[in-house]
Peer 1: 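I'd like to ask some things about the structure below.
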Amino acid sequence: MNSVKTLSADEKLDWLQLIRSENVGPVTFHHLIEKYGTADRALDRIPELAEKGGAKRKIRIHSRKETKAEAEALINLGGELITSIEPDYPPRLRQIYDPPPVISILGHKGLLQKHSIGIVGSRNASAVARKLTETLSRDLGHANLVITSGLARGIDSAAHLAALETGTLAVVGGGVDIVYPKENQELYEQIRDRGCIIAEQPLGTQPQARHFPRRNRIISGVSLGILVMEAAPKSGSLITARMALEQGREVFAIPGSPMDPRARGTNNLIRNGALLVESAEEILQEISHTLKSPVREPDSDLLPLFSTLRQEVEISDKARDSISILLSHTPINTDDLIRQSELPPSTVLTILLELELAGRLERHFGNRVSLID
């Protein structure tokens with residue numbers, strides 16, 4: 001994938017069909033595109049790759065009928081599919097390790113091209129934190145920043161509401177047509193009409209716990225930085241902050257009382273290097289150098305990580321065995337796996353691709369992989 005371009009309607013359907021197929025996640029999807037050039041060619045090859053990876057049954061390819069039905073249903077809702085290679089795709093999101101190959105949107109897609117700050121925090125937020133969230137969101141919005149959050153109750157809702165006039169993005173954990181929580185029905189409709197709603201999951205998907213970390217990486221991925229308001233020690237907001245750091249984003253945190261459990265997570269973030277802020281002005285000062293540059297990245301290799309897969313390689317059983325020995329149920333960084341195996345990167349990446357399509361490999365944040373039972 002060497003440049004931004006517009007896909008035809010059939011090509012976009014190919015992309016949707018590929019990402020909806022069994023065992024095809026974002027990283028594997030982009031490996032396949034880099035390896036075979038187009039999604040339709042990749043769809044033809046994945047059964048063979050899964051078999052080489054030791055699949056115990058035939059991999060399920062998403063049907064063309066299901067694919068067309070999803071695309072048509074989204075259009076009927078007034079929505080749109082955008083692929084990671086197209087110009088309307090959020091430019092910063094495109095640069096992360098595992099960008100969603102296809103996103104569904106409802107609302108004003110022009111907001112995807114603007115500078116954004118993500119604001120996250122406790123669902124059970126204090127009145128003080130909600131009020132401060134509204135103030136910061138409004139001030140940042142008036143500074144021409146879009147406010148991105150996850151449409152949850154508490155801090156998320158306060159951030160979205162305050163930014164309706166200036167621009168807000170809501171990244172949801174289920175389908176773009178599913179309102180969660182139900183109490184945010186009115187807010188959902190306001191964002192759909194005045195902002196933009198983004199989803200990675202198929203239409204009709206009910207949010208599940210496993211979806212939220214993937215949603216969180218999108219919140220941080222589209223943003224210049226993440227502002228964490230109140231957050232308990234095990235809050236999902238801290239996962240978003242960790243992902244932001246892995247993506248090279250700024251992490252800001254509001255300090256809180258040591259007597260309030262909802263502030264322990266944010267205070268710990270500050271203790272470990274997050275920037276302590278108390279006003280929008282402090283955030284704007286920290287990101288001022290980035291605000292002076294255009295949002296869109298220059299045309300260049302969008303996913304250089306996958307460039308080693310461009311050529312077909314003949315892989316021996318010995319190479320597959322050596323990777324299987326090194327892998328375990330404990331995640332290992334792919335770079336470490338390449339170094340320890342002493343195999344060419346293209347060989348290692350292809351073997352991992354085969355294993356994932358066979359349902360035997362799990363990918364983790366931070367470019368790590370592990371075996372599945």
Side-chain angles (χ1 to χ4, degrees), residues 1-2 14-63 84-85 96-102 200 210 213-214 217 246 301-373:
M1 251 184 282
N2 294 324
D14 292 338
W15 275 55
L16 185 61
Q17 184 177 6
L18 181 57
I19 191 56
R20 298 291 188 249
S21 293
E22 186 180 16
N23 297 336
V24 180
V27 174
T28 292
F29 178 98
H30 289 297
H31 278 317
L32 287 166
I33 294 294
E34 189 66 24
K35 188 175 181 67
Y36 296 114
T38 63
D40 63 330
R41 285 199 287 267
L43 285 163
D44 290 338
R45 299 299 297 272
I46 57 178
E48 175 190 347
L49 292 168
E51 183 178 355
K52 289 180 179 178
K56 296 180 181 178
R57 59 176 176 79
K58 188 175 181 181
I59 191 170
R60 181 182 181 276
I61 305 297
H62 199 67
S63 74
S84 61
I85 200 172
I96 71 172
Y97 166 66
D98 54 349
V102 181
E200 179 179 17
R210 61 188 176 88
R214 305 211 63 80
R217 92 191 191 286
E246 290 179 355
D301 282 355
L302 299 178
L303 297 164
L305 175 66
F306 309 131
S307 61
T308 53
L309 279 178
R310 287 177 178 168
Q311 300 298 322
E312 284 279 8
V313 290
E314 189 67 33
I315 298 173
S316 66
D317 290 339
K318 181 179 179 181
R320 291 188 175 92
D321 290 342
S322 67
I323 294 299
S324 295
I325 291 170
L326 290 172
L327 287 170
S328 71
H329 301 301
T330 301
I332 180 174
N333 188 279
T334 301
D335 292 336
D336 292 335
L337 196 62
I338 292 170
R339 186 179 67 256
Q340 292 184 34
S341 69
E342 299 182 346
L343 292 169
S346 58
T347 297
V348 175
L349 295 175
T350 298
I351 293 171
L352 296 180
L353 180 65
E354 294 171 352
L355 289 170
E356 185 174 18
L357 289 172
R360 299 177 56 202
L361 186 86
E362 182 176 2
R363 295 190 186 270
H364 306 267
F365 293 106
N367 195 19
R368 297 174 300 145
V369 294
S370 67
L371 285 178
I372 297 174
D373 289 329

Peer 1: Tell me, please, which residues at least two apart from Arg41 pass salt bridge (Lys or Arg N to Asp or Glu O under 4.0 Å).
Peer 2: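 Here no residue qualifies.
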Peer 1: Under 6.0 Å from the CD atom of Glu48, do we count more than 12 heavy atoms belonging to anything else shown?
Peer 2: yes
Peer 1: Kindly write out the residues that satisfy salt bridge (Lys or Arg N to Asp or Glu O under 4.0 Å) with Asp14, not counting sequence neighbours, or none if the list is empty.
Peer 2: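 With sequence neighbours excluded, Asp14 shows a salt bridge (Lys or Arg N to Asp or Glu O under 4.0 Å) to Arg64, given in chain and number order.
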Peer 1: How far does CD1 of Ile46 sit from CG of Leu18, to the nearest 0.5 angstrom?
Peer 2: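 That separation rounds to 6.0 Å.
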Peer 1: Measuring from Ile351:CD1 to Ser316:OG, what's the distance to the nearest 0.5 Å?
Peer 2: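 One finds 7.5 Å between CD1 of Ile351 and OG of Ser316.
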Peer 1: Identify the two heavy atoms, one from Leu32 and one from Ala42, that lie closest to each other, and give their separation to 0.1 Å.
Peer 2: CB-CB, 3.9 Å
Peer 1: Less than 4.5 Å apart, any side-chain heavy atom of Arg360 and any of Ile372?
Peer 2: no
Peer 1: Distance from Thr347 atom OG1 to Glu342 atom CD, nearest 0.5 Å?
Peer 2: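 These two atoms lie 13.0 Å from each other.
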Peer 1: Just to verify, what does Ala50 make a side chain to side chain contact (heavy atoms under 4.5 Å, CB included) with, not counting sequence neighbours?
Peer 2: Ala55, Ile59, Leu357
Peer 1: Side chains of Ile85 and Ile33: closer than 4.5 Å at any heavy-atom pair?
Peer 2: no
Peer 1: May I ask you to decide if Phe365's main-chain N or O and Asp98's side chain share a donor-acceptor pair within less than 3.5 Å?
Peer 2: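 Checking the backbone N and O of Phe365 against the side chain of Asp98, no donor-acceptor pair under 3.5 Å is found.
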Peer 1: So that I can tick it off, tell me whether Arg320 and Asp317 are bridged by a salt bridge, with the cut-off set at under 4.0 angstrom between side-chain N and carboxylate O.
Peer 2: yes
Peer 1: Looking only at heavy atoms, what is the nearest atom pair of Asp335 and Asn333, with distance?
Peer 2: N-OD1, 2.8 Å
Peer 1: Roughly how far apart are Thr38 OG1 and Trp15 CH2, rounded to 0.5 Å?
Peer 2: 10.5 Å
Peer 1: Do Pro26 and Pro101 come close enough that some side-chain heavy atom pair is under 4.5 Å?
Peer 2: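 Contact flag for Pro26/Pro101 side chains = yes.
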Peer 1: Output the distance between atom CZ (Arg45) and atom CG (Leu353), rounded to the nearest 0.5 Å.
Peer 2: 10.5 Å
Peer 1: Considering residues at least two apart in sequence or located in another chain, which fulfil the side chain to side chain donor-acceptor pair (under 3.5 Å) criterion with Glu22?
Peer 2: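 With sequence neighbours excluded, Glu22 shows a side chain to side chain donor-acceptor pair (under 3.5 Å) to Arg57, given in chain and number order.
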Peer 1: Would you indicate whether the side-chain heavy atoms of His62 and Val24 approach each other to under 4.5 Å?
Peer 2: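 Side-chain contact under 4.5 Å: no.
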Peer 1: Mind checking whether Leu326 and Ile332 have side chains closer than 4.5 Å, heavy atoms only?
Peer 2: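 Counting from C-beta outward, Leu326 and Ile332 never come under 4.5 Å.
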Peer 1: Hey, are the side chains of Lys35 and Thr350 touching, using non-hydrogen atoms and a 4.5 Å cut-off?
Peer 2: yes
Peer 1: Which atoms form the tightest heavy-atom contact between Glu354 and Ile315, and what is the distance?
Peer 2: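 Taking every non-hydrogen atom into account, OE2-CD1, 4.2 Å.
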Peer 1: With the side chain counted from C-beta on, respond yes when Leu349 and Ser346 share a heavy-atom pair under 4.5 Å apart, and no when they do not.
Peer 2: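 No, too far: nothing below the 4.5 Å cut-off.
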Peer 1: According to side chain to side chain contact (heavy atoms under 4.5 Å, CB included), who are the partners of Ser370, at least two apart in sequence or on a separate chain?
Peer 2: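 By the side chain to side chain contact (heavy atoms under 4.5 Å, CB included) rule, Ser370 matches Pro331, Glu362, His364.
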Peer 1: I'd like to know if the side chain of Thr334 reaches the main chain of Asn367, judged simply by a donor and an acceptor atom lying under 3.5 Å from each other, with no hydrogens or angles considered.
Peer 2: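 Present.
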Peer 1: Identify the two heavy atoms, one from Val348 and one from Ser341, that lie closest to each other, and give their separation to 0.1 Å.
Peer 2: CG2-OG, 3.6 Å
Peer 1: Tell me the closest heavy-atom pair linking Ser21 and Leu43, and the distance in Å.
Peer 2: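 Minimum heavy-atom separation between Ser21 and Leu43: OG-CD2, 3.9 Å.
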Peer 1: Tell me every residue that passes salt bridge (Lys or Arg N to Asp or Glu O under 4.0 Å) with Arg20, counting only those two or more places apart in sequence or in another chain.
Peer 2: Glu70
Peer 1: Might you point out which heavy atoms bring Ser84 and Pro100 nearest each other, and give the distance in Å?
Peer 2: CB-O, 3.7 Å
Peer 1: Does any non-hydrogen side-chain atom of Leu352 lie less than 4.5 Å from one of Leu327?
Peer 2: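 Yes, side chains in contact.
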